[in-house]
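Reading through the structure tokens given below for one structure.
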Amino acid sequence: MANRILIKNIKSLVQVRDAGILKVSGAAMKELPCIDNAWMAIDNGLIADYGSMIDFPGIEDWKGLEIMDCDGKLILPCYADSHTHIVYAGNREGEFVDRINGLSYDEIFARGGGILNSAKRVSEATEDDLFEQAMVRLKEVIGQGTGSIEIKSGYGLSVESELKMLRVIKRIKDLNLIPVKATFLGAHALPLEYKNDKAGYIQLIINEMLPKIAAEKLADYIDVFCEQHYFTAEETKHILEAGKQYGLTGKVHAEQMSHFGGIQAGVECGAISVDHLEYCNDADIELLKNAGTMPTVLPGAAFFLSLPLPPARKMIDAGLGIAFASDFNPGSCPSGNMNFMMSLGCVQYKLTPEEVINACTINSAYAMQLSHEVGSITIGKKANFFITKPISSYGFIPYAFGSNVIESVYLNGVKQ
Ligand code: NIG
Ligand code: FE
């Protein structure tokens with residue numbers, strides 16, 4: 001049955017935008033259009049209409065619908081999480097304790113831990129097992145307000161294991177629960193077998209993995225970890241260009257642990273986003289000004305690894321739009337809670353609640369080319385939204401860090 005719902009007495013309908021707005025930049029990030037004391041109509045999984053209660057629609061227009069009273073509660077579009085690694089096996093709790101006891105992320109990797117630890121576990125896991133573990137994480141983040149997601153491979157690092165991860169992502173995508181974008185991240189680290197043959201591994205990515213992935217239509221994007229001990233800016237460009245031949249748009253893990261040229265490589269290759277950005281400098285900000293590439297800050301990873309903070313405030317003040325994503329993964333951010341990312345954005349990066357909400361909805365949707373479909377309350381977009389508990393205003397969400405302020409989540413107009 002096609003669901004038709006009319007929600008009335010919404011204390012504030014937040015992030016209401018015209019269909020033409022696909023991202024917001026600079027000073028415009030401080031604006032968050034809302035309709036206070038609003039109604040919203042859902043029809044057939046989509047946002048059909050909305051307005052002020054002063055102009056509440058005549059009931060004859062909405063025959064056979066369910067009417068819901070939202071008194072005292074806010075509605076926001078679901079978060080768009082444009083950077084995750086939720087397909088993985090087990091966890092890396094042991095390395096967390098190793099870091100507490102003084103080992104660095106680099107030292108753990110040099111011992112065969114880090115990404116290589118996860119790669120070993122993924123190689124031992126079955127596709128079903130990976131799917132089940134990922135679904136637990138997906139359901140958790142949906143409960144926390146996420147309504148669209150990007151998921152990367154990158155813990156495979158062999159033809160067989162990368163394909164296994166991407167098939168799991170495809171299974172999740174095919175559930176049609178929320179929009180999913182799949183990213184091929186074969187260039188996440190050098191597997192042990194290729195320890196002394198980086199060129200050989202890059203050839204494997206380009207000549208074996210990419211054609212198979214393309215033939216099975218398993219990926220939308222191609223990503224590279226551009227960093228010391230991982231892949232250089234030149235290698236990043238080479239891999240992104242190869243991906244392009246198969247129709248895959250680029251993304252880059254850029255400037256996370258050092259300034260290594262990932263932003264420039266991404267911009268030059270027309271990447272849709274460059275992510276992390278702890279060591280982003282003024283020249284990078286200039287490059288990004290003239291690009292369609294969305295700078296994406298991952299506040300949870302900088303927090304969990306105690307990294308210097310990316311210059312998010314400076315980027316917005318320079319006129320850039322920025323996105324936030326969780327980076328949910330077992331090593332650098334074992335959380336996909338976008339509410340917490342917003343709190344970090346306000347407290348650590350001095351962004352306003354309006355700026356972090358824009359970063360976590362319309363701009364992060366743009367960073368995975370979904371902002372025509374999700375990321376705002378817009379007629380014709382998917383009815384993926386959440387209803388808060390009775391709270392004073394949207395600013396309470398980042399303010400009340402660690403509290404769950406979400407009462408219910410709707411996907412395609414259906415309560416979860
Ligand atoms: O986005 N930076 C590289 N990759 C992941 C972390 C990978 C891991 O430690 O498992 C990230 O932070
Ligand atoms: Fe990542």
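We count ligands from 1, going down the list as the structure has it; atoms in each ligand are counted the same way.
- Less than 4.0 angstrom separates some heavy atom of His83 from each of these atoms of ligand 1: 1 (O).
- Under a 4.0 Å criterion applied to the non-hydrogen atoms of His276, ligand 1 contributes the atoms 1 (O), 2 (N), 11 (C), 12 (O).
- Between the side chains of Ser376 and Gln15, no donor-acceptor pair of N or O atoms lies under 3.5 Å.
- No option in Asn337, Ile178, Ile149 other than Ile149 meets the side chain to side chain contact (heavy atoms under 4.5 Å, CB included) test with Val141.
- Taking the salt bridge (Lys or Arg N to Asp or Glu O under 4.0 Å) definition, one finds that Lys152 meets it with Glu150, Asp223, sequence neighbours left out.
- Residues meeting the salt bridge (Lys or Arg N to Asp or Glu O under 4.0 Å) test with Glu286, sequence neighbours left out: Lys289.
- Side-chain contact of His253 with His83: a donor-acceptor pair under 3.5 Å is present, judged by distance alone.
- Formation of a donor-acceptor pair under 3.5 Å by the Glu355 side chain with backbone atoms of Thr352 is found in this model.
- Only protein N, O or S atoms were considered, and those under 2.8 Å from the Fe ion (ligand 2) are His83 NE2, His85 NE2, His253 NE2, Asp327 OD1.
- Ranking protein heavy atoms by distance to atom 12 (O) of ligand 1, first place goes to Ser332 OG, 2.5 Å.
- Looking at atom 2 (N) of ligand 1, its nearest protein heavy atom turns out to be Gln256 OE1, 2.7 Å.
- There is no side-chain donor-acceptor pair under 3.5 Å between Thr126 and Asp129.
- Summarising the contacts of atom 10 (O) of ligand 1 with Tyr105, Tyr230, Tyr155, the nearest heavy atom is found in Tyr155.
- Taking every heavy atom of His188 and a limit of under 4.0 angstrom, the matching atoms of ligand 1 come to 3 (C), 4 (N), 5 (C), 7 (C).
- When only non-hydrogen protein atoms are considered, atom 11 (C) of ligand 1 lies nearest to Asp327 OD2, 3.1 Å.
- Shown here are the salt bridge (Lys or Arg N to Asp or Glu O under 4.0 Å) partners of Lys23, two or more places apart in sequence or in another chain: there are none.
- Taking only nitrogen or oxygen atoms, main chain and side chain alike, Ser118 does not reach within less than 3.5 Å of ligand 1.
- Counting only N and O atoms by type, the side chains of Arg17 and Asn358 include a donor and acceptor under 3.5 Å apart.
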Inset, instruction - Take Phe303 and Phe340, measure what ring-ring contact (aromatic ring centres under 6.0 Å, His included) needs, and give me the verdict at the end. - result: CA-CA 11 Å; Phe303 166 75; Phe340 183 57; 5.4 Å; yes
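- Screening Phe231, Phe260, Tyr230 against Phe225 for a ring pair (Phe, Tyr, Trp, His ring centres under 6.0 Å) leaves a single residue, Tyr230.
- Using a 4.0 Å cut-off between heavy atoms, Glu227 makes no contact with ligand 1 at all.
- Near Asn329, with a cut-off below 4.0 Å to any heavy atom, the atoms of ligand 1 are 6 (C), 7 (C), 8 (C), 9 (O), 10 (O), 11 (C), 12 (O).
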